Amino acid sequence: IEQPTFPKITEMCVKMIRRVNDEEGIKKLVNETFQKLWFTPTPHHDKGAMTRKILNITDVVAACRDTGYDWFEQLLQNLLKSEEDASYKPVKKACTQLVDNLVEHILKYEESLSDSDNKGVNSCRLVACITTLFLFSKIRPQLMVKHAMTMQPYLTTKCSTQNDFMVICNVAKILELVVPLMEHPSETFLATIEEDLMKLIIKYGMTVVQHCVSCLGAVVNKVTQNYKFVWACFNRYYGALSKLKSEHQEDPNSTILTANKPALLRSLFTVGALCRHFDFDQEDFKGNSKVNIKDKVLELLMYFTKHSDEEVQTKAIIGLGFAFIQHPSLMFEQEVKTLYNSILSDKNSSVNLKIQVLKNLQTYLQEEDTRMQQADRDWKKVAKQEDLKEMGDISSGMSSSIMQLYLKQILEAFFHTQSSVRHFALNVIALTLNQGLIHPVQCVPYLIAMGTDPEPSMRNKADQQLVEIDKKYAGFIHMKAVAGMKMSYQVQQAINTCPNDPVRGFRHDESSNALCSHLYSMIRGNRQHRRAFLISLLNLFDDTAKTEVNMLLYIADNLACFPYQTQEEPLFIMHHIDITLSVSGSNLLQSFKE
């Protein structure tokens, strides 16, 4: 329909917008630039300017499809916050215009999808428009309330391509945020949404099921209270699981089970997803029954974690992770602790299972964080009457206890040969530290070690955590620096693809930087700390320290390549090496002579 905007402009916008969390000066500049570019109201008669603006925003959103949209949310929040107390609110007005026009564009693309020549382009544009609307809904769902009826039919999109699935998932996410805000929505509209979501849950794969159950949770729990509808769906999958469990107990090698594997996988996932969003132990669901549903679900899912097929085990663990979000106390059960800890600490356990356990913990922490933020917002509204601090403390106390249970095993996952395992372990530790659930000192050596990872994104994340810790607790980094260096050697050993070659302590690229250069640059500023750190490293070369020779090579490499800034730094090291050589060197020669 329209010409795509110039790719160069999109590229520049993407580069600029990623700096939205930079230092204050740059942050201010980014906010001002995009306020002028996107979030200034457009005159109503200037349709061309509005279209260009829409195309530019959706192009940038489409370009960031793989890297995430945190920047957009941050930008929008910054701009809306800056005018909260103002009488004239241009950003709010611009957002209303953009949302209304995005909906118009969606309808236009929908019509043009029948034109087979531009089908691919317009399908991508449709996804970008709906994704952008979701990002607006996430920050200001009120903007989308009047368009909810327009979005609902997209739940019935025929799914044949990846883009179709993305449309459904984003529409489900929009409705989840918007429907609870509608005033007196018609019963027909709500019933249609429930029916559409249920059809999608029964028919499609994991991602669709996840978003549709989440949307159903918001609609049923906050609006329709149609618990019987959800209870029937839960019983359908729960019953199927119970039946498959009985069959498996009678004959683990039965061919019926093999034939029913897809049904088993779907049931494990869906039961877990439903338990994440609905508390089936409420009377609204089970009536007067005395059966404890959460324990029954735990027992069923735990049974399938011991299955011989890894795919079944993985789905059972995913289901458990969902159930634990609704009932975190289940993570204290002995069998759950044993399962999680054995998967994380056993060298021979499958990489997929390790990653899934770490993902479960990550999702739990993210959900807790969202809950706490929501509680915080609600608290500000009723600050006078309640003691919310107490509520927050109970919740974060639970998270803290859970993380203490699994902390050691998660940190040990840093020494895994697979980068994906290290990646998720680092995510979990970063979330735990950001929420203040553990004392940071125990993580410092592990974060120093992760700062030597071959992948730049992981190095940066670990380094960022160290900088945050150093700001709050001066001296912690110095205190654990030598332990961190030794641990970084272990990480490098685990990553080393050629076990016959010794691990080296510098990067094999044009920079030849020391692997621990970030650690040194953090300690360098304090002369006393710097000298103590360097002497501790040199002492490892003493015969009495009995350090293995490969580790000494690794440390020598780091010492040779640290980013020194004054002559005094290397001269200090040379002076001490000289003293060591004059004493132990002559002893060594004497020993050989004798």
Side-chain angles (χ1 to χ4, degrees), residues 34 38-39 41-42 44 50-51 53-58 60-62 64 69-81 83-84 89-110 125-157 163 166-194 196-197 200 208 211-224 370 373-374 377:
F34 284 98
W38 291 351
F39 298 107
T42 311
H44 284 292
M50 195 69 223
T51 298
K53 203 188 274 190
I54 294 279
L55 285 174
N56 184 219
I57 295 178
T58 51
V60 173
V61 167
C64 294
Y69 305 110
D70 296 353
W71 50 265
F72 189 92
E73 293 166 33
Q74 195 61 56
L75 178 71
L76 203 48
Q77 261 166 339
N78 293 350
L79 293 174
L80 287 165
K81 199 173 183 183
E83 62 173 31
E84 255 173 7
K89 301 188 173 180
V91 176
K92 190 179 172 190
K93 188 178 176 189
C95 286
T96 309
Q97 278 186 345
L98 285 168
V99 166
D100 295 349
N101 278 279
L102 277 163
V103 173
E104 273 180 36
H105 272 69
I106 284 174
L107 297 170
K108 216 182 321 181
Y109 292 133
E110 184 64 19
R125 285 224 169 275
L126 179 68
V127 172
C129 277
I130 291 181
T131 308
T132 311
L133 281 176
F134 163 61
L135 295 172
F136 276 111
S137 310
K138 211 171 170 184
I139 305 301
R140 278 292 151 93
Q142 296 83 352
L143 295 171
M144 277 297 291
V145 167
K146 64 178 178 184
H147 300 297
M149 309 278 279
T150 313
M151 299 312 292
Q152 178 268 321
Y154 288 92
L155 286 176
T156 56
T157 305
N163 283 343
M166 288 189 74
V167 166
I168 283 185
C169 291
N170 279 312
V171 169
K173 289 192 280 190
I174 291 170
L175 292 172
E176 176 182 343
L177 295 162
V178 173
V179 172
L181 301 178
M182 293 172 75
E183 282 184 34
H184 316 300
S186 79
E187 286 188 15
T188 321
F189 168 67
L190 294 171
T192 311
I193 287 184
E194 286 179 342
D196 289 347
L197 291 170
L200 292 166
V208 174
H211 293 306
C212 289
V213 171
S214 188
C215 182
L216 192 64
V219 173
V220 171
N221 289 326
K222 295 176 185 173
V223 187
T224 65
T370 311
Q373 284 174 6
Q374 186 56 49
R377 283 195 290 274

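Bear in mind that the values here come from a model prediction, so they are computed numbers and not experimental data. Heavy atoms only: backbone and side chains are in, while hydrogens, waters and symmetry mates are out.
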J.: If I take atom SG from residue Cys215 and atom CG from residue Leu177, how far apart are they, to the nearest 0.5 angstrom?
T.: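 Answer rounded to 0.5 Å: 9.0 Å.
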J.: Quick one: are Thr224 and Glu187 in side-chain contact, heavy atoms under 4.5 Å?
T.: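 Counting from C-beta outward, Thr224 and Glu187 never come under 4.5 Å.
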J.: Calculate, to the nearest 0.5 Å, the distance between atoms OG and NE2 belonging to Ser137 and His147 respectively.
T.: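 Rounded to the nearest 0.5 Å, the OG-NE2 separation comes to 9.5 Å.
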J.: With a 4.5 Å limit on heavy-atom distance, are the side chains of Pro41 and Gln97 in contact?
T.: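 Pro41 vs Gln97: side chains touch.
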J.: Would you mind reporting whether Leu155 and Leu175 have side-chain heavy atoms less than 4.5 Å apart?
T.: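 A side-chain contact exists here, since the closest heavy-atom pair is under 4.5 Å.
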J.: Do Asn101 and Glu104 have side chains that get closer than 4.5 Å, going by heavy atoms?
T.: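 Yes - at least one pair of side-chain heavy atoms lies under 4.5 Å apart.
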J.: Specify whether Trp38 and Phe72 have parallel, tilted or perpendicular ring planes, treating 30° as the upper limit for parallel and 60° as the lower limit for perpendicular.
T.: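 Trp38 and Phe72: tilted rings.
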J.: What's the spacing between Met166 CE and Phe134 CZ if we round to 0.5 Å?
T.: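 Between atom CE of Met166 and atom CZ of Phe134 there are 11.0 Å.
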J.: If you count heavy atoms of other groups shown closer than 6.0 angstrom to NZ of Lys92, is the number above 12?
T.: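 No, not enclosed.
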J.: Looking at CG of Leu135 and NZ of Lys173, how far apart are the two atoms once the value is rounded to the nearest 0.5 Å?
T.: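 The distance works out to 8.0 Å.
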J.: Among Leu75, Leu76, Ile57, which residue satisfies the side-chain contact (heavy atoms from CB on, under 4.5 Å) criterion with Phe34?
T.: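 Only one of Leu75, Leu76, Ile57 forms a side-chain contact (heavy atoms from CB on, under 4.5 Å) with Phe34, namely Leu75.
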J.: Would you call Val179 and Leu190 a side-chain contact if the rule is heavy atoms closer than 4.5 Å?
T.: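 Contact flag for Val179/Leu190 side chains = yes.
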J.: Which heavy atom of Arg140 sits nearest to which heavy atom of Leu80, and what is that distance?
T.: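 The pair with the smallest heavy-atom distance is CG-CD1, 3.6 Å.
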J.: Between Phe189 and Met182, is any pair of side-chain heavy atoms under 4.5 Å apart?
T.: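 Yes; the side chains approach each other to less than 4.5 Å.
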J.: Taking atom NZ of Lys89 as the centre, report whether more than 12 heavy atoms of other residues, nucleotides or ligands fall under 6.0 Å from it.
T.: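 For Lys89, atom NZ is crowded (more than 12 foreign heavy atoms under 6.0 Å).
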J.: Distance from Thr157 atom OG1 to Ile130 atom CD1, nearest 0.5 Å?
T.: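 So the OG1 of Thr157 and the CD1 of Ile130 are separated by 7.0 Å.
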J.: Over all heavy atoms of both residues, which pair between Tyr154 and Ile168 is shortest? Give the atoms and the distance, please.
T.: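 Tyr154 and Ile168 have their closest heavy atoms at O-CG1, 3.9 Å.
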J.: What closest approach, in Å, do Ala94 and Phe39 show between heavy atoms, and which atom pair accounts for it?
T.: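 Heavy atoms of Ala94 and Phe39 come nearest at CB-C, 3.4 Å.
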J.: Once you round to the nearest 0.5 Å, how far does CG of Leu79 lie from CD of Gln74?
T.: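 Answer rounded to 0.5 Å: 10.5 Å.
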J.: Step by step, would you call Ile106 with Thr150 a side chain to side chain contact (heavy atoms under 4.5 Å, CB included)?
T.: CA-CA 10 Å; Ile106 284 174; Thr150 313; over 6 Å; no
J.: Of the non-hydrogen atoms in Ala128 and Val61, which two are nearest, and what is the gap between them?
T.: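 Nearest pair, atom of Ala128 first, then Val61: O-CG1, 4.2 Å.
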J.: List the steps and the verdict of side chain to side chain donor-acceptor pair (under 3.5 Å) for Asn170 and His211.
T.: CA-CA 8 Å; Asn170 279 312; His211 293 306; over 6 Å; no
J.: Looking at Val91, is its backbone amide N or carbonyl O close enough to the side chain of Glu83 to form a donor-acceptor pair, meaning the two atoms are under 3.5 Å apart?
T.: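 It does hold such a pair.
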J.: Taking the side chain as every heavy atom from C-beta outward, state whether Asn163 and Leu126 have any pair of such atoms under 4.5 Å apart.
T.: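 Asn163 vs Leu126: side chains apart.
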J.: For the residue pair Ile174 and Met144, establish whether any side-chain heavy-atom pair is separated by less than 4.5 Å.
T.: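 Yes; the side chains approach each other to less than 4.5 Å.
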J.: Looking just at side-chain N and O atoms, do Thr192 and Gln152 make a donor-acceptor pair shorter than 3.5 Å?
T.: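 There is no such pair between these side chains.
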J.: Evaluate side chain to side chain contact (heavy atoms under 4.5 Å, CB included) for Thr58 paired with Leu102, printing each intermediate quantity in order.
T.: CA-CA 9 Å; Thr58 51; Leu102 277 163; 3.7 Å; yes
